[in-house]
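What follows is one structure encoded as structure tokens, with my remarks underneath.
Treat the numbers as computed from the prediction; the structure is a model and nothing was measured. Below, read A as the first sequence line, B as the second, and so on, with proteins coming before strands; counting in each chain starts at 1.
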Amino acid sequence: LLPPLADEIEVSLFGPGYGEAVAVHLGSGDWLLVDSCLNDDRQPAALAYLKSMGIDPGQAVKLLVASHWHDDHVKGIADVFAASTSATFSCAWAMTQKEFLQIAHQYQASDNSVAGSRTTELVKIINLLEGRPPIKWTGADKVLLASSGRTPYQITSLSPSDLRAQLFLKEIAKLVPVPKETRRAAVDISPNHVASALWVSALGEDILLGSDLEEVADPNCGWSAIVSSTGRPAGKAGVFKVAHHGSLTGHNDDVWSKMLTAQPVAILTPFNKSGGLPRTADVQRILEKTPRGYATARPTSKAAVKRDKAVERMVDSVAISFQRAQPKCGHIQLRKRPGVDATWRVSLDGNACELKQLA
Amino acid sequence: VAELVQPPRLTNADLREVASTGGGDVKLNYSNLSPDLIAPPAPALPLKPLQLLQEWEGTVTEVKDESFVCDLVDITAGHSIPEEIAELPIDEISEDDRDLLRPGALFRWTIGYYEAGGVRRKTSQVQFRRLPMWRPQDLKKSEEWADKMAKFLAATGS
């Protein structure tokens, strides 16, 4: 694998069907990483990718963003941060408040499961922060990192709003353990109030990374608030990491008409849980907006691993449903040399496919 | 001296297995025993597979009216991350364990063979783990760590 050229922008999306990680080459060897998932070797996918190209994450990664704390976005993120020794860490302000940290510590300290706790990742990162660049909180229209060097770039968070952060703290209060309560593992809470959508401007190109941000009834929150904001970066993005696995709740028509170019490259990671995302209607809705849609995993890869026939028969007789959570990891790579390439070059690896194959 | 006979503690899965195989002579007959020779059912000694075929660790992620959704880690394969997702009927859980069913609860799901009355049978068992309670001192420790870190982050973050 060859690394991108200094004047070549790259957006790489990794996803095994349950998990998501993004790597963006900002130019001149500088990288942005967002979230983390594991590849087929059970290594953090973005980290392994950089290493496979001979890139030292300790030098190259300038910013690591945890867009939110859901399990499918944080697997291995502490290892990514440990290796990215010069990177600034960024997450929502609410995730660094005492209430949330207390819960994170309680669950990781008392976790008895083989799988470990998702909050363990955050606690590990917090413990690594001493001696590192100060943490950058994401929020509405907030510049997280900018460079005015030979290849200037700027990374701006578009969310969460302060109101959503307060809602998040209110929601997580429900998870606070009380004395004499039986210990348990931490679970995700929905809707996710602190997803950080990002706007990346580099080498003259704009990219919108939608995280798992969902639309809510309140026009002062979610995508509606972002679209109507006068403080967000100007321009239209040619690449869209579709929000919340392509779900209807992550969709806003105005995002497509006001924040994206006509027929942008749309990339997404499926979510192989709770009925699965994207649904057929979601795929059709996205393909009506752009024919250039790609996914990191195919739905057919949900089939469970092969086992002893007696086990398979018993599973069939007992389980209402049984499927693979993490099929083979897929990788969508987009590269473009502004001034040289007219359009984005798309490479699909592993389980990745065109979005129309999911319809 | 007569030895106390422990009646087997059959789960719903066992009963379904018996039903699906037609039962046959796998049922033990206690009717000819004196009641005082029969010990009360063991509360926490479910049937152990003699030959374990498969074992998962499960974490409950969602509880529905008649079923629950869970992440499964394949213990048999030596995995440490959830690679499968299942929806299982609540009927699979013994009455004793049902109060433990909530998001975040941990359990073991085993499939294997065991013998009863000289007959080998296949069994599926869902057993919830009765984890220790959170102690006040644990919670206090977490609160102190969180307080210290939140102050550190507030002082350095932007």
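Under the 4.5 Å side-chain criterion, counting only non-hydrogen atoms from C-beta, A/T96 is not in contact with B/M149. Between B/I85 and A/R324 the shortest side-chain heavy-atom distance does not fall below 4.5 Å. Taking 4.5 Å as the limit, some side-chain heavy atom of A/V318 sits within range of a side-chain heavy atom of B/E92. No side-chain heavy atom of B/E143 sits under 4.5 Å from any side-chain heavy atom of A/Q106. Within the 4.5 Å cutoff, no side-chain heavy atoms of A/P179 are placed close to those of B/W134. Here the side chains of A/S317 and B/K122 are not in contact, with every heavy-atom distance at 4.5 Å or above. Taking 4.5 Å as the limit, some side-chain heavy atom of A/V315 sits within range of a side-chain heavy atom of B/W56. Considering only heavy atoms from C-beta on, A/L129 stays 4.5 Å or farther from B/T156 through its side chain.
A salt bridge links B/E83 with A/R42: the closest approach of a Lys/Arg side-chain nitrogen to an acidic carboxylate oxygen falls below 4.0 angstrom.
For A/W137 against B/A154, the heavy-atom pair with the smallest separation is CH2-CA, 3.9 Å. Contact between A/R183 and B/L131 at its shortest, heavy atoms only, is O-CD1, 3.4 Å. A pairwise comparison of heavy atoms in A/K75 and B/P82 identifies NZ-CD, 3.9 Å as the closest pair. Closest heavy-atom contact between B/W109 and A/A319: CH2-CB, 4.4 Å. The shortest non-hydrogen separation linking B/L53 to A/V311 is CB-CG2, 3.6 Å.
In this structure, B/D147 places its CG atom where more than 12 heavy-atom neighbours from other residues, nucleotides or ligands lie under 6.0 Å away.
A/H105 and B/W145 have parallel rings, their planes meeting at less than 30° on a 0 to 90° scale where 60° marks the start of perpendicular.
Ranked by heavy-atom pairs under 4.5 Å with chain B, the list A/K142, A/R307, A/E130, A/K136 is led by A/R307. Heavy-atom pairs under 4.5 Å with chain B were tallied for A/S90, A/S321, A/P133, A/G139; the largest tally goes to A/S321. Listed options A/D308, A/T88, A/V123 were ranked by heavy-atom pairs under 4.5 angstrom with chain B; first place goes to A/V123.
Taking CD from B/E87 and CD from A/Q323, the interatomic distance works out to 10.5 Å, rounded to the nearest 0.5 Å. If you take CG on B/D71 and OH on A/Y18, they are separated by 5.5 Å, rounding to the nearest 0.5 Å. Taking CH2 of A/W93 as the start and OG of B/S158 as the end, the distance is 14.5 Å to the nearest 0.5 Å.
When each of A/R313, A/M314, A/E312 is tested with B/I111 by the rule side chain to side chain contact (heavy atoms under 4.5 Å, CB included), just one qualifies, namely A/M314.
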Item to complete: List the steps and the verdict of side chain to side chain contact (heavy atoms under 4.5 Å, CB included) for B/L88 and A/I320.
Response: CA-CA 6 Å; B/L88 302 175; A/I320 296 166; over 6 Å; no
